[in-house]
Amino acid sequence: MKILIRFIIVFFTPLLLSGCYKIKGHYGGPKSFEPQTRALQPADVALPGGYTIEPVTSGLNYPTGITFDEQGTPYVTEAGYAYGEVWLPPKLLRLNPDGTTTQVAAGDKNGPWTGAAYHDGFFYVSEGGELEGGRILKISKAGQITRLVENLPSMGDHHTDAPVVGQDGYLYFGQGTATNSAIVGTDNYHYGWLKRNPTFHDIPCQDIVLTGQNFTTYNPLTEDDKDEVTTGAYLPFGTPSTPNQTIKGAIPCSGAIFRVSLQGGPLELVAWGLRNPYGLAFSQNGQLYVTDNGYDTRGSRPGYGAGDVLWAVQPGKWYGWPDFANGQPMASDDYKTPHDDPKFLLAKHPGTPPKPAAILGVHSSSNGLDFSRNAGFGHVGEAFIAQFGDMTPEVGHTYGPVGFKVVRVNPGNGVVEDFATNKTKINGPASILQNGGLERPIAVKFNPAGNALYVVDFGIMPMTEQGPAPKQKTGVVWRITKTGAR
């Protein structure tokens with residue numbers, strides 16, 4: 001009862017104080033993960049003139065990524081884990097021409113599998129590692145699995161993220177942070193992992209010095225209603241920090257991009273100071289880009305109004321987490337919440353964050369991306385990004401649904417435009433709009449010829465009074481083509 005009451009206070013007080021504004025809250029309904037009927041109507045998806053969309057396969061369980069072999073055959077990852085504490089076997093599936101799937105490999109209870117890359121006869125799969133830590137798996141076409149990387153700090157809010165192979169013979173991947181903004185708090189208990197791993201916390205990539213700012217909350221790990229604890233940055237729940245305290249850096253660390261040789265070997269840090277570097281892709285000129293999910297309005301140190309970001313990755317650079325958002329200081333009016341001012345946690349910053357290539361919607365959950373390289377498809381050199389959609393009120397409130405579509409971005413000027421979205425007067429997932437369009441796009445990938453864009457749609461995931469309730473067997477892979485494209 002104590003947890004439920006405090007949950008209501010945390011998430012509904014902003015609604016009560018909102019005055020004349022209508023703030024979007026729960027979708028409502030009971031929490032159930034059972035399969036749900038999903039109509040697929042390509043005509044309900046709006047696209048630019050000359051483009052068409054069609055479902056390639058459906059009935060998937062929480063699909064997250066797609067890759068292609070030398071013959072152009074698509075392969076999809078099923079997560080095996082989803083927010084809401086859903087556990088299924090993660091899988092790598094081959095998509096057959098008739099829309100059926102064939103299992104290539106399956107994993108253990110250590111999902112989510114967040115994506116895959118293919119190179120020279122092997123699949124490289126990112127295993128999120130919610131229970132045992134993140135891994136990079138190397139999987140043969142016969143389904144034999146070996147661990148290329150393991151023991152990544154991935155048992156918190158964010159996971160080991162989708163990989164990409166560079167021309168240098170290295171595999172690049174992202175590692176998300178344990179928390180929203182470096183403080184373990186009661187929100188992490190609601191996410192499920194604090195109870196499982198009460199000593200887990202974020203790890204910096206190099207030594208940092210703290211300001212000593214601490215945060216006091218009730219203690220959900222005990223039954224005592226009056227029990228409170230104080231927690232500092234980069235420390236376990238209930239462990240306070242002191243001014244000028246040094247936190248030792250380590251590799252692997254939280255909120256970073258790494259690379260590793262395709263043959264295995266030591267893990268190399270590429271960049272850090274990222275919150276959740278989910279999607280990675282190389283442009284035609286070899287520049288690495290990453291999508292980074294912005295701060296949520298939750299927990300002991302909430303951030304407000306921080307959009308998701310597309311970064312051009314500069315090796316060795318620090319990108320600002322946990323003290324900057326979109327390249328700007330969190331300790332400013334731009335990100336101030338009605339009740340809290342997110343002051344700096346670090347006494348000295350490792351550098352100056354760069355300017356983003358583009359800023360995307362607040363709470364849009366901008367995830368997988370790829371670049372167009374075929375003039376027949378169009379928009380060569382632009383990034384196509386899958387927006388999973390908001391998870392309000394778990395992440396904060398919005399004035400209307402955000403995301404639930406595919407956008408294209410000009411990385412040269414940062415202009416963002418809708419590319420595939422549902423045909424309705426208001427935005428949102430198909431299940432809420434009661435049409436047969438997109439639910440939660442999580443990844444996009446062009447086929448080897450570059451004449452078709454495949455969209456991985458995670459499926460129906462309403463937000464209920466008890467949290468996320470992702471429905472099984474509602475995932476879809478869509479294919480977008482342009483008339484005459486070759």
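- Checked against Phe68 for a ring-ring contact (aromatic ring centres under 6.0 Å, His included), the options Tyr454, Tyr75, Phe123, Phe446 give a single hit: Tyr454.
- Remark: the Ser431 side chain and the Glu439 side chain contain an N/O donor-acceptor pair separated by less than 3.5 Å.
- Within 6.0 Å of atom NZ in Lys423, more than 12 heavy atoms from other residues, nucleotides or ligands are found, so the atom counts as buried in its surroundings.
- Judged by distance alone, the side chain of Asn427 and the main-chain N or O of Gly403 form a donor-acceptor pair under 3.5 Å.
- In summary, the side chains of Ser366 and Ser364 do present a donor paired with an acceptor at a separation below 3.5 Å, with no hydrogens or angles considered.
- Relative to the six-membered ring of Tyr62, Arg440 misses at least one condition, a distance below 6.0 Å or an angle of at most 45° to the axis.
- You'll find the ring centres of Phe237 and Phe200 outside the 6.0 Å limit.
- Between the side chain of Asn367 and the main chain of Gln387, no donor-acceptor pair closer than 3.5 Å is present.
- Side-chain contact, His158 with Thr177: a donor N or O sits under 3.5 Å from an acceptor N or O.
- When each of Asp292, Asp308, Thr64 is paired with Tyr278, the side-chain contact (heavy atoms from CB on, under 4.5 Å) condition holds for Thr64 and for no other.
- Using a distance-only test at 3.5 Å, with no hydrogens or angles considered, a donor-acceptor pair links the side chain of Arg301 to the main chain of Lys343.
- Using a 3.5 Å distance cut-off with no hydrogens or angles, the side chains of Asn214 and Ser241 do pair a donor with an acceptor.
- Under the 6.0 Å cut-off for aromatic ring centres, Phe344 and His349 qualify, their centroids lying closer than that.
- A donor-acceptor pair is defined here as one N or O able to donate and one able to accept, closer than 3.5 Å; no such pair exists between the side chain of Thr216 and the backbone of Thr230.
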Worked verdict on Thr160 versus Ser126 for side chain to side chain donor-acceptor pair (under 3.5 Å): CA-CA 6 Å; Thr160 302; Ser126 47; over 6 Å; no

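- Note: Phe282 and Phe371 fail the aromatic proximity criterion, with ring centroids not under 6.0 Å apart.
- For the residue pair Asn110/Glu127, the side-chain donor-acceptor check at 3.5 Å is satisfied.
- Environment of CG in Asp108: sparse, with no more than 12 heavy atoms of neighbouring residues, nucleotides or ligands closer than 6.0 Å.
- Arg298 and Asp187 are joined by a salt bridge, as a carboxylate oxygen and a charged side-chain nitrogen come within less than 4.0 angstrom of each other.
- Of the candidates Trp311, Phe324, Trp272, Trp311 is the only one forming a ring-ring contact (aromatic ring centres under 6.0 Å, His included) with Tyr319.
- Residues Asp157 and Arg275 are not paired through a salt bridge, judged by the lack of any N-O separation under 4.0 Å between the basic side chain and the carboxylate.
- Salt-bridge formation is not detected for the pair Asp370/Arg408: no Lys NZ or Arg NE/NH1/NH2 atom is positioned less than 4.0 Å from an Asp or Glu carboxylate oxygen.
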Steps toward side chain to side chain contact (heavy atoms under 4.5 Å, CB included) verdict (Glu228, Thr217): CA-CA 6 Å; Glu228 293 185 333; Thr217 67; over 6 Å; no

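- With respect to Lys109 and Glu132, no salt bridge is recorded, no charged nitrogen being found less than 4.0 Å from a carboxylate O.
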